[in-house]
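Order of listing sets the numbers, starting from 1, for every ligand and every atom in it.
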Amino acid sequence: MTAGDLLLKIEDLKVTASVAGVDTDLIAGVSLNIPRARIIGVIGESGSGKTTLARSIIGLLESNVRVSGGGMTLEGEPLATARDFARIRGAKVGLIMQEAKASLDPLIRIDRQMREVARQHRDRTASIGVAGHADLLERLGFLPSDIQRVMRSYPHELSGGMAQRIAIALALIPGPSMLIADECTSALDVTTQAEVVTVIQGLVTDLGLSILFVTHDLSLAAGLCDELVVMHRGEVVELGATSSMISAPEHPYTQSLLAAR
Ligand SMILES: Nc1ncnc2c1ncn2[C@@H]1O[C@H](COP(=O)(O)OP(=O)(O)OP(=O)(O)O)[C@@H](O)[C@H]1O
Ligand SMILES: [Mg+2]
């Protein structure tokens, strides 16, 4: 990987929680290189630190949790201060959550929410090769004949899969180079999950985004991701190309995850 291909570099990151004066490491020294235009799966059992890692990258840790060691750079620029994170959050790195409707304002129609995001961040939809917001929705798999209705809808009028694709659209308006998807398909049925996965693959191949895809669904990760990062108790126990990890997992924890599948 040349320096230009490297999007996000995480070096020996430590994240510590303080509860009643007692410190516990939630992330205990994680190093990762995330290249451009790749889907990186973060897998591991509940409580292994996947969400904490994802939130560290955009500087959205809870108030009792802090980065206590190591560092990160995005496109070569350090990510350390609150100001660094404010600069990249939403603009360069978007976050897609499990409950799409929770990230949409229930009282505002979709078209206005899209305009509002465009106003807050400089609208860079053109940088991802779409002419405007309707065009963006078409790219995300909405039927052209349905787009006007969707744009005039309130979030509760949309299905779960539609709401998740709208959440992705909102994340794309500022023209980010990376999306973090934390269990973004876990609340969806299998068919809808497949729609969202197709959309995510398109973002990578057509737009060159990188996706950090956090999931506890190993089968889904195996089918979607170029590389896998296996977390266990706040550490990365194995990482590498998906195909080689699935066919020959090295770490006993990865072997047990695959065996349980
Ligand atoms: N604010 C906090 N204070 C103290 N401990 C926390 C805090 N947030 C998370 N933790 C702990 O950190 C560990 C990692 O949690 P995290 O949410 O990152 O796991 P996860 O891999 O995303 O799990 P899941 O698959 O259930 O979403 C867990 O043991 C959790 O209890
Ligand atoms: Mg989580």
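For atom 29 (O) of ligand 1, the candidate residues are A54, G47, S186; the nearest heavy-atom contact is made by G47.
In terms of protein heavy-atom proximity, atom 17 (O) of ligand 1 is closest to T51 CB, 3.7 Å. Protein heavy atom closest to atom 4 (C) of ligand 1, with residue, atom name and distance, is A17 CB, 3.6 Å. Atom 1 (N) of ligand 1 has its closest protein heavy atom at N64 OD1, 2.9 Å. In terms of protein heavy atoms, atom 12 (O) of ligand 1 is closest to L26 CD2, 3.3 Å. In this structure, atom 25 (O) of ligand 1 lies nearest to the protein heavy atom K50 NZ, 2.7 Å. Closest protein heavy atom to atom 26 (O) of ligand 1: S46 OG, 2.5 Å.
Counting atoms of ligand 1 from 1 in the listed order, those under 4.0 Å from a heavy atom of T52 are 14 (C), 15 (O), 16 (P), 18 (O). Each of the atoms 1 (N), 8 (N) of ligand 1 lies under 4.0 Å from some heavy atom of E62. Each of the atoms 4 (C) of ligand 1 lies under 4.0 Å from some heavy atom of V19. Residue contact check: E45 has heavy atoms under 4.0 Å from atoms 21 (O) of ligand 1. Distances below 4.0 Å separate heavy atoms of S48 from the following atoms of ligand 1: 19 (O), 21 (O).
Side chains of D12 and S31: a donor-acceptor N/O pair is absent below 3.5 angstrom, by distance only. Of the N and O atoms on the side chains of T125 and D123, at least one donor lies less than 3.5 Å from an acceptor on the other residue.
To the nearest 0.5 Å, atom OG of residue S153 and atom CG of residue L104 are 11.5 Å apart.
In terms of polar-atom proximity, V65 is not counted as a contact of ligand 1, lacking any N or O under 3.5 Å from an N or O of the ligand.
Between the Mg ion (ligand 2) and S46 there is no N/O/S contact shorter than 2.8 Å.
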